[in-house]
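Reading through the structure tokens given below for one structure.
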Amino acid sequence: MIFYNKLITWYLENKRTLPWRETTDPYAIWLSEIILQQTRVAQGLPYFQAFLTHYPTVFDLANAEEDDVLKLWQGLGYYSRARNLHHTAKTVAYELNGQFPNNYKELLKLKGIGEYTAAAIASIAFGEIVPVVDGNVFRVIARIYGITSDISKGPTKKEFQLKAAELISQETPALFNQAIMDFGAIQCTPKKPLCDTCPFIVNCVAYQTNKIEQLPVKLTKTKVKSRFLNFLVFLDKEKNTYLIKRQEKDIWQKLYQFPVIDHFDKKEINIQTTVDTIYPEISYNQIKQLNEETIIHQLSHQKLHINFWLVDCLSLPAKKEHEKIHWQQINTFAFPIVIHNFINSLAF
DNA sequence: GTCCAGGCCT
DNA sequence: AGGCCTGGAC
């Protein structure tokens, strides 16, 4: 069989119509690829539209404030993507005269663009013959060719890149790359793939040997640590509160949060005593818990146990690294989704 | 509730 | 190799 003929035939019958497939603008294609890293199409789509509306060109994005970019990214997760997006917009706008590099090797030098994204942009926007290897491609090739290498190991990617380079259509590399990814997303899915209607059923080693469930092989499991976050929602008579911008190399870098008491060990802490120690200058009427049950928020590598405490006080003095803001302005700041959802659940 | 998919950076 | 987020499947 000629692999790409079958694949492209499948694609022409089954492909999704997506806005970034209607354009040849490298800026829009780059934007879509960054948004779609680690993100489902359904979740990414509205963000793609919003970014293009707010920042129609790479210059608009380059000239934006980082806080505004993060605010628009709020809810998408992996916020380093937004910071790198902004950084690369500046590089392209100010150092490359607004022109994206037109080849894999140069694209790879930009922040936030790794091997997958460089290959996607190079092929889709510029027609370069370079195969993409994303999670879909790993799965499709591992199954059809019965490759049992552990895809969580570094060298395995080279093996799949080599295989994909053999398979790619020299005439239509962009079509091939989008086809293999759509095929993985729609037909050859991680769970319950649609083998009954699969055009590769006679070729697929995994199917023929009953190993669909075992492929691709991925052995690494990340260990999840528990972490206990107690957010302090200060509120004075004029409805001012404190926000802190996260800075350290940690989760949610450069997003906003309420002041927090943060532990990696579960220990009984007395909120009142702790607040008295950290904020001796603040006199409050009472402290009360705002959420009924501890909120569990699961990250890839941390399990967060979250409580919110209302600290009801007369006034809030200026304090280092604390931004005193009026509650009405709260939705102009970029928050992690768990804090955003909590804020929106409040009545005041 | 728990598990998992999805690329890049350091 | 480990850190980084969220939502959907089960």
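Fair warning: this is a prediction, and the values are worked out from it, not measured in the lab. Numbers restart at 1 for each chain; the letters A, B, ... are given by sequence-line order, proteins then strands.
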A:F342 CZ to C:dT6 P, straight-line distance once rounded to whole Å: 16 Å
message: Checking contacts here: which listed nucleotide (C:dT6, B:dG7, C:dC10) is nearest the side-chain heavy atoms of A:Q43?
response: C:dT6
field: Under 4.0 angstrom between A:H297 side-chain N/O and C:dT6 OP1 or OP2
entry: yes
statement: Atom CG of A:L45 and atom P of C:dG8 are separated, to the nearest Å, by 14 Å
Separation of B:dA5 C1' from A:Y116 OH (nearest whole Å): 14 Å
query: Should A:N136 be listed as having a side-chain N or O under 4.0 Å from OP1 or OP2 of B:dG6?
result: yes
query: Starting at the 5' end of DNA chain C and moving along, which residue's nearest nucleotide shows up first, A:K225 or A:L76?
result: A:K225
- request: Can you figure out which of C:dC4, B:dC8, B:dA5 approaches the side chain of A:Q37 most closely?
  value: B:dC8
message: Heavy atoms only, 4.0 Å cut-off, all strands: where does A:Y78 land among base, sugar-phosphate and nothing?
response: base
message: Does B:dC8 have its OP1 or OP2 closer than 4.0 Å to a side-chain nitrogen or oxygen of A:K109?
response: no
- prompt: How close or far is atom P of C:dG2 from atom NZ of A:K153, stated in whole angstroms?
  reply: 10 Å
- prompt: How would you label the contact of A:L299 with the nucleic acid (heavy atoms, under 4.0 Å): base, sugar-phosphate, or nothing?
  reply: base
message: Let's test your reading of the model: under 3.5 Å, does the base of C:dC4 pair with the side chain of A:S80 as donor and acceptor?
response: no
field: Nearest to side-chain heavy atoms of A:K191, which nucleotide of C:dC5, B:dG7, C:dC10
entry: C:dC10
message: Without decimals, in angstroms, what is the distance between A:L304 CG and C:dC4 P?
response: 10 Å
message: Under 4.0 Å, counting only non-hydrogen atoms across every strand here, what does A:T39 touch: a base, just sugar-phosphate, or nothing?
response: nothing
query: Contact class for A:R40 vs. all strands (heavy atom < 4.0 Å): base, sugar-phosphate, or nothing?
result: base
message: Is it the case that the side chain of A:N177 and the backbone of A:P131 share a donor-acceptor pair, with hydrogens and angles ignored and the cut-off at 3.5 Å?
response: no
message: Donor-acceptor pair, distance only, cut-off 3.5 Å: does the side chain of A:H54 make one with the backbone of A:A50?
response: yes
- request: Kindly say whether A:V338 contributes a backbone atom to a donor-acceptor pair with the side chain of A:N341 at under 3.5 angstrom?
  value: no
field: Minimum-distance nucleotide to A:R139 side chain [options: C:dT6, C:dC4, B:dA5]
entry: B:dA5
message: Which is more 5' along DNA chain C, the nucleotide nearest A:D250 or the one nearest A:S152? Just name the residue.
response: A:S152
- prompt: Using a distance-only test with no angle check, is there a side-chain donor-acceptor pair under 3.5 angstrom linking A:R81 and A:N84?
  reply: no
- request: Round to a whole Å and report the spacing from CD of A:Q38 to C1' of B:dC8.
  value: 7 Å
- prompt: What nucleic acid atoms does A:I296 come within less than 4.0 Å of, heavy atoms only: base, sugar-phosphate, or nothing?
  reply: nothing
- prompt: Reckon A:K223 touches a base, only the sugar-phosphate, or nothing at all at heavy-atom distances under 4.0 Å?
  reply: nothing
Phosphate OP1/OP2 of B:dC4: any A:S300 side-chain N/O under 4.0 Å: no
task: Give A:G154 one of three labels, base, sugar-phosphate or nothing, depending on what nucleic acid heavy atoms sit under 4.0 Å from its own.
output: nothing
- request: Please check the phosphate of C:dT6 (OP1 and OP2 only) for any side-chain N or O of A:W252 closer than 4.0 Å.
  value: yes
query: Given C:dC4, is OP1 or OP2 found less than 4.0 Å from the side-chain N or O atoms of A:Q302?
result: yes
- prompt: Within less than 4.0 Å of OP1 or OP2 of C:dC4, is there a side-chain N or O belonging to A:H301?
  reply: yes
- request: Provide, to the nearest angstrom, the distance between the CD atom belonging to A:Q253 and the C1' atom belonging to B:dC8.
  value: 14 Å
- request: Send over the distance from A:I180 CD1 to B:dG6 P, rounded to a whole Å.
  value: 13 Å
task: Give, for atom NZ of A:K225 and atom CZ of A:F264, the distance between the pair rounded to the nearest 0.5 Å.
output: 5.5 Å
Sugar-phosphate only, base, or nothing, as touched by A:K303 at under 4.0 Å among non-hydrogen atoms: sugar-phosphate
- request: Return yes if a side-chain donor-acceptor contact under 3.5 Å exists between A:W327 and A:N240, otherwise no.
  value: no
message: By the 4.0 Å heavy-atom rule, please label A:K218 as base, sugar-phosphate, or nothing.
response: sugar-phosphate
message: Does this structure show an ion pair linking A:E115 with A:K157, if we count only N-O contacts that are shorter than 4.0 Å?
response: yes
